[in-house]
Amino acid sequence: MATFFGLFTFFTESSQIWGNLISYYALMNKNQVDENFSSNSSECGAGFLPSNNDSNTNLDPPTEKQRLVLVGAYLAMGLLSVLIMIVFMDPLKNDLKETRGCRAALERFASAFKQLLKPHQYLLAPLSVYIGMEGPFYGNEFTEAFIACSWGVHHVGFVTVCFGVCGALMSLLVGPLVKCISQMAVLILAALANVSICIVLFLWEPTPEFKTMYFVIAGVWGMGDSIWWSQVTGETLKPTHGGLSAPIVSYMLRIL
């Protein structure tokens, strides 16, 4: 299961690569000086406040043309993905019609709620909450307070490509790592990575003079993110005696 969901997470993390490459080139201003950074770096980082950065040109929103190009590119890719699914994916059989219809659907929902009441699922709930927090922390706080504030909005996608690359590579390695050092050790490794990065973010004042730090932080956080998603999802979706339907439904209910 660890290897399977590691491979699944590899494809989801790889979307960070292509999506952020598009955003970087769409938002990049050819006439903008690459070394444009905040004149007061203390206003960025852990002490960032939007109200104190009204005059920071790095936080200027993209132009209307850039927005249209970015949204148009994402919309085109979304439509292309739907077309690929329609053409290449085999249609699923509607086993509800072949069996007992609504009664079978109600039985599946009942088994999903029973799955949620198991102690194993209770212990996974805090990890699910943490996953729901650590991803948005990178996507909102780090990208705005550290990357955009000190280096410019257009560099957010450039740095986040490293997040996607490291996350995708770790997703492929997490299966063999679980076999070698156990799943608990891998989860502890992810927790230590997150804690260490939080300490660095608290102490570091971001500046483009040290560009490597942006990519190191993004890469380490991406590796931790891929471990959390692959392993917690794998634990939640462990097959039961009734198959995978109950764990999948309970997993989707938890996400909602």
Side-chain angles (χ1 to χ4, degrees), residues 1-3 5-6 8-10 12-14 16-17 20 41-50 120-151 155-156 158-236 251 254-255:
M1 292 295 286
T3 304
F5 283 103
F8 174 79
T9 308
F10 166 78
T12 58
E13 291 286 345
S14 65
Q16 294 276 358
I17 302 173
N20 284 289
S41 60
S42 62
E43 295 179 354
C44 302
F48 173 80
L49 286 174
H120 180 73
Q121 298 294 322
Y122 283 138
L123 296 174
L124 287 173
L127 286 178
S128 299
V129 173
Y130 176 73
I131 290 175
M133 295 171 61
E134 61 91 17
F137 172 80
Y138 176 88
N140 297 325
E141 303 300 326
F142 177 71
T143 54
E144 181 181 16
F146 288 84
I147 306 174
C149 179
S150 61
W151 202 8
H155 281 105
V156 170
F158 187 48
V159 175
T160 307
V161 168
C162 185
F163 175 95
V165 170
C166 293
L169 292 176
M170 178 54 71
S171 299
L172 294 178
L173 296 174
V174 70
L177 279 176
V178 168
K179 292 180 181 179
C180 293
I181 62 175
S182 80
Q183 188 179 55
M184 180 60 68
V186 171
L187 292 174
I188 292 174
L189 183 65
L192 290 175
N194 287 163
V195 171
S196 61
I197 290 299
C198 287
I199 294 173
V200 171
L201 293 177
F202 182 74
L203 299 175
W204 178 54
E205 291 187 2
T207 170
E209 295 175 355
F210 301 99
K211 297 182 177 67
T212 307
M213 280 297 297
Y214 295 96
F215 297 97
V216 170
I217 292 171
V220 174
W221 199 273
M223 289 189 287
D225 181 74
S226 66
I227 291 174
W228 292 120
W229 272 107
S230 61
Q231 298 312 295
V232 174
T233 303
E235 283 297 312
T236 306
Y251 175 72
R254 178 181 296 173
I255 291 177

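Nothing fancy with the numbering, it's 1 onward along the sequence.
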Handout entry: Side-chain heavy-atom pair Glu43, Leu49 within 4.5 angstrom cut-off
Key = no

Exercise for the section: May I have the step-by-step check of side-chain contact (heavy atoms from CB on, under 4.5 Å) for Ile147 and Phe158, ending in yes or no? Expected result: CA-CA 10 Å; Ile147 306 174; Phe158 187 48; over 6 Å; no

Handout entry: Residue pair Trp151 / Cys44, side-chain heavy-atom distance below 4.5 Å
Key = no

Exercise for the section: Please round to the nearest 0.5 Å and tell me the distance separating atom CG of Leu173 and atom SG of Cys180. Expected result: 10.5 Å

Practice task
Please examine the side chains of Val159 and Lys211, heavy atoms only from C-beta on, and report whether any two atoms are closer than 4.5 Å.
Solution key: no

Problem - Closest approach of Ser171 to Ser226 (non-hydrogen atoms, all atoms of both residues) - result: OG-CB, 3.3 Å

Completion exercise
CG (Asn194) and CD1 (Ile199) are apart, to the nearest 0.5 Å, by 11.5 Å

Completion exercise
Here the pair of heavy atoms bringing Ile131 nearest to Pro136 is O-CD, 4.2 Å

Practice task
Measure the SG-CD distance between Cys166 and Gln16 for me, rounded to the nearest 0.5 Å.
Solution key: 12.0 Å

Exercise for the section: For side-chain contact (heavy atoms from CB on, under 4.5 Å), just list the numbers for Val178 and Gln231, CA-CA rounded to whole Å, side-chain angles, deciding distance to a tenth of an Å, and then say yes or no. Expected result: CA-CA 9 Å; Val178 168; Gln231 298 312 295; 3.6 Å; yes

Practice task
Answer whether the closest heavy-atom distance between the side chains of Leu187 and Trp228 falls below 4.5 Å.
Solution key: yes

Problem - Between CG on residue Asn20 and OG1 on residue Thr143, distance to nearest 0.5 Å - result: 9.5 Å

Problem - Nearest atoms (heavy-atom pairs only) where Tyr214 meets Ser150 - result: OH-OG, 2.6 Å

Problem - Sole candidate of Val220, Ile227, Asp225 that passes side chain to side chain contact (heavy atoms under 4.5 Å, CB included) when paired with Met223 - result: Val220

Handout entry: Polar side-chain atom of Lys179 near backbone of Pro176 as donor-acceptor pair, under 3.5 Å
Key = no

Problem - Side chain to side chain, Phe163 and Ile17, heavy atoms closer than 4.5 Å - result: no

Handout entry: Side chain proximity check, Val200 to Met213, heavy atoms < 4.5 angstrom
Key = yes

Problem - Listed partners of Phe210 passing ring pair (Phe, Tyr, Trp, His ring centres under 6.0 Å), at least two apart - result: none

Handout entry: Side chain to side chain, Val165 and Glu13, heavy atoms closer than 4.5 Å
Key = no

Exercise for the section: Could you pull out the closest heavy-atom pair between Thr160 and Val156, with the gap in Å? Expected result: OG1-O, 2.7 Å

Problem - Among Phe137, Phe215, Phe142, Phe146, the one residue meeting ring-ring contact (aromatic ring centres under 6.0 Å, His included) with Trp221 - result: Phe137

Exercise for the section: Output the distance between atom CG (Leu203) and atom SG (Cys198), rounded to the nearest 0.5 Å. Expected result: 11.0 Å

